[in-house]
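Source: prediction; values computed, not measured. In what follows, chains carry the letters A, B, and so on, assigned in the order in which the sequence lines appear, proteins first and then strands, with residues in each chain numbered from 1.
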2 protein chains.
Amino acid sequence: MTQDPPAHRAPVHSATPARRPTLRDVALLAGVSTKTASRVVNGEAGVAAAKVAAVQQAVGKLGYRPNFTASSLRRLKGRTAAIAAVLEDVSNPFSSALHRALEDVARDRGVMIFAGSVDEDPERERALIHAFIARQADAIVVVAASDSQRYLAGEVNAGTPVVFVDRPPVGIDVDAVLVDNHAGAAEAVHHLVAHGHRAIAYLGDLLSIATARQRFQGFKEALSDHGIRPSPDHIAHDLHTEGDAQRAVRRLFSGQAPPTALFTAQNLVTIGAVRALRELGRHHEVALVGFDDFPLADLLQPPVTVIAQDPSTMGRLAASLIFRRLDGEQWTPTVHFVPTRMVARGSGEIPGPYATA
Amino acid sequence: MTQDPPAHRAPVHSATPARRPTLRDVALLAGVSTKTASRVVNGEAGVAAAKVAAVQQAVGKLGYRPNFTASSLRRLKGRTAAIAAVLEDVSNPFSSALHRALEDVARDRGVMIFAGSVDEDPERERALIHAFIARQADAIVVVAASDSQRYLAGEVNAGTPVVFVDRPPVGIDVDAVLVDNHAGAAEAVHHLVAHGHRAIAYLGDLLSIATARQRFQGFKEALSDHGIRPSPDHIAHDLHTEGDAQRAVRRLFSGQAPPTALFTAQNLVTIGAVRALRELGRHHEVALVGFDDFPLADLLQPPVTVIAQDPSTMGRLAASLIFRRLDGEQWTPTVHFVPTRMVARGSGEIPGPYATA
DNA sequence: TTTGATCTTGACATCGTTGTCGGCGGACGA
DNA sequence: TCGTCCGCCGACAACGATGTCAAGATCAAA
């Protein structure tokens with residue numbers, strides 16, 4: 001910008017929008033140095049009352065707002081009071097509950113949240129994280145989609161707190177807040193078996209997702225605890241949308257020897273399964289336990305039994321780890337497990353052929 | 001920092017985390033000036049191949065990442081390639097769908113989103129917006145909670161694009177993407193009347209919210225079009241949670257002359273009403289139309305008829321307005337209406353006492 | 001070989017702000 | 001009256017990066 005705009009027109013309602021006023025403008029108008037203006041704006045002591053007044057008046061007149069970015073460049077090593085949340089999809093209930101929990105903790109400290117959706121795309125995960133790093137996020141919360149996050153080693157080493165949520169870090173050593181997917185899935189299976197089921201189908205998300213693998217593992221092992229070997233026909237992986245799940249369930253019941261119970265390993269899969277069962281008119285015969293709770297699960301017919309995760313607690317825990325690190329506390333990276341909780345609502349208690357009662 | 005940390009230890013796994021490398025570190029290591037390093041990092045032409053290689057190697061070795069904040073300070077008047085979204089609550093479906101739509105449009109331009117939740121608190125709205133402004137957001141998307149946003153005049157005048165979504169701006173003249181709440185509510189009422197209802201109750205959110213007022217207005221006028229004067233007992237305002245709504249519905253039906261149909265003017269209110277009706281066992285007798293769609297509405301018994309808004313379209317439109325302004329396009333602020341769409345699913349078609357069929 | 005043009009390169013100022021530090025002036029004690 | 005101390009203030013450098021510009025280096029043409 002070589003040619004300046006005609007200096008200081010009417011500060012309000014000018015046709016060509018004036019650039020944002022800077023501290024220099026304020027200082028000029030108040031007849032003090034920028035440093036003194038800075039002192040006043042930051043409420044530092046040791047400024048004559050008259051100048052304080054002059055500066056405050058200038059601030060008001062110009063509508064000055066401090067540039068926090070520039071300020072933080074000088075202030076503390078460029079901390080920006082912003083943390084990044086790399087989520088699966090800001091608009092899905094799990095992610096957004098997590099997001100909200102982070103925000104709630106961050107709010108008290110005047111920290112803002114950058115959020116972005118990865119959509120299970122490893123490429124996008126990297127791109128997002130790099131964008132956040134470039135913007136100097138003070139810390140990063142990651143729900144990982146890629147199969148290795150070694151690329152984050154530099155950041156971790158540079159002292160940027162990183163916390164993985166829901167899915168374990170691979171290739172780097174950082175804090176994680178996880179769910180015991182294995183145990184949760186096993187609990188679902190035990191519950192179904194206890195209600196007289198042996199032909200239990202597994203419907204799960206992309207096998208590329210660590211949590212999906214763990215849930216499947218828990219499913220298999222729990223079955224084998226009961227001496228049950230699952231039929232390969234009763235296992236469907238890589239279901240990532242409601243539609244996928246719906247089709248998979250239709251397929252299950254169009255085959256011979258359909259299952260008497262379903263274990264759905266994820267949110268949308270559960271909903272897709274509910275849709276399909278409803279469509280088939282079998283929602284009151286086929287038992288269903290889903291992993292991950294969802295709004296209105298209690299209002300469906302039958303109400304859906306779930307293994308509930310607690311994204312809110314997970315988010316709060318993740319945030320507190322972040323802030324403890326930012327406050328200088330140190331410890332060796334740790335995995336924190338947040339327990340799951342089975343919520344029996346009805347669909348999981350539909351008796352199977354081996355029911356004793 | 002007077003005493004430098006022992007220069008360049010092992011770049012990985014050092015005990016005391018090294019500060020993030022800067023361009024200066026890269027330049028030093030590569031034996032070039034910072035400016036040349038800058039040129040290489042930014043892929044500018046006119047650098048000798050040997051130096052390009054040296055710089056790139058240094059970048060790799062140090063794990064250098066450009067500081068976008070610092071760079072944008074000098075680059076374009078401090079544009080940060082970030083836009084702010086001031087939402088009601090990042091974890092509610094409407095807000096998060098909006099958020100996601102903004103993100104989708106912004107993503108293509110390498111722009112990130114700052115999101116924050118206001119929770120209908122005017123104080124928090126101001127605080128959030130000021131925090132975003134201080135962080136130099138390039139533009140602001142606002143779902144307003146306060147009764148005047150005159151405090152934004154300075155920003156608007158400084159050329160920061162501001163778009164209001166869902167609720168109209170008060171006290172300032174900016175673009176807005178709104179829903180015709182009046183018409184939507186009226187459509188709901190006409191629908192219910194057409195199905196034989198005359199005793200229709202209104203259950204709505206905080207009257208401080210403009211959209212709630214408009215919906216109530218639409219409700220009243222539509223009724224009066226049919227020559228119906230609503231009973232004061234059938235009107236409940238200021239319901240902001242499911243619980244509020246649930247209690248209000250219980251109250252409605254504990255009185256004499258309960259309504260035969262409900263118009264619920266908001267998401268959570270609708271769900272609360274469904275809960276209450278279910279609890280009372282009247283969900284198959286009392287008609288219900290809700291404003292704003294919600295996930296699984298189609299799976300409830302009966303499926304819930306709604307006046308659907310389209311947060312995704314609204315978000316995309318808002319984002320496109322933002323980016324057109326950021327690209328320098330100019331026009332006088334305009335209100336854009338995104339149409340509502342009635343989705344008849346069952347609950348709204350339960351016949352009333354005056355049904356003709 | 002000289003001239004002029006082109007290509008590379010780094011010194012320097014700058015973005016908006018704050019930390020450092022030294023200077024000025026008045027108050028106070030000796 | 002003089003010296004000190006303290007309160008107040010601003011010049012300056014710095015944060016990390018890039019725009020400007022002019023100085024060398026290089027090379028082609030004369």
Donor-acceptor contact present, side-chain [X] to main-chain [Y], <3.5 Å:
X: A:R167; Y: A:A144; value: yes
X: A:D138; Y: A:A81; value: yes
X: B:E125; Y: B:S146; value: yes
X: B:D121; Y: B:E123; value: yes

Exercise. Classify the side chain of A:R74 versus the base of C:dT17 as yes if they form a donor-acceptor pair under 3.5 Å and no if they do not.
Key: no
To the nearest Å, give me how far apart [atom1] ([X]) and [atom2] ([N]) are.
X: B:L62; N: D:dG16; atom1: CG; atom2: C1'; answer: 15 Å
X: B:R19; N: D:dC15; atom1: CZ; atom2: C1'; answer: 11 Å
X: A:L23; N: C:dT18; atom1: CG; atom2: C1'; answer: 9 Å
X: A:L28; N: C:dG16; atom1: CG; atom2: C1'; answer: 14 Å
X: A:F68; N: D:dC15; atom1: CZ; atom2: P; answer: 19 Å
X: A:R24; N: C:dT18; atom1: CZ; atom2: C1'; answer: 16 Å
X: A:R79; N: D:dG16; atom1: CZ; atom2: P; answer: 14 Å
X: B:N42; N: D:dA17; atom1: CG; atom2: C1'; answer: 9 Å

Quiz item: Closer to the 5' end of DNA chain D via nearest nucleotide, is it B:E44 or B:A70?
Solution: B:A70
Quiz item: Between B:F114 and A:F114, how do the two ring planes meet: parallel, tilted or perpendicular, split at 30° and 60°?
Solution: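 Rings of B:F114 and A:F114: parallel, under 30°.
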Quiz prompt | B:R324/B:D175 ion pair, N-O < 4.0 Å | solution = no
Self-check item: Partner of B:V142 under side-chain contact (heavy atoms from CB on, under 4.5 Å), chosen from B:L128, B:I129, B:V165
Solution: B:I129
Practice problem: Would you indicate, yes or no, if D:dG19 has its OP1 or OP2 atom less than 4.0 angstrom from a side-chain nitrogen or oxygen of B:R75? | Solution: yes
Quiz item: Does a nitrogen or oxygen in the side chain of A:N67 sit under 4.0 Å from OP1 or OP2 of C:dC15?
Solution: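 Looking at the OP1 and OP2 atoms of C:dC15, neither is under 4.0 Å from any side-chain N or O of A:N67.
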Practice problem: Scan nucleotides 4-12 of chain C nucleotide by nucleotide, 5' to 3', and note B when protein non-hydrogen atoms come under 4.0 Å of the base, S if they reach only the sugar-phosphate, - if neither. | Solution: ----SBBB-
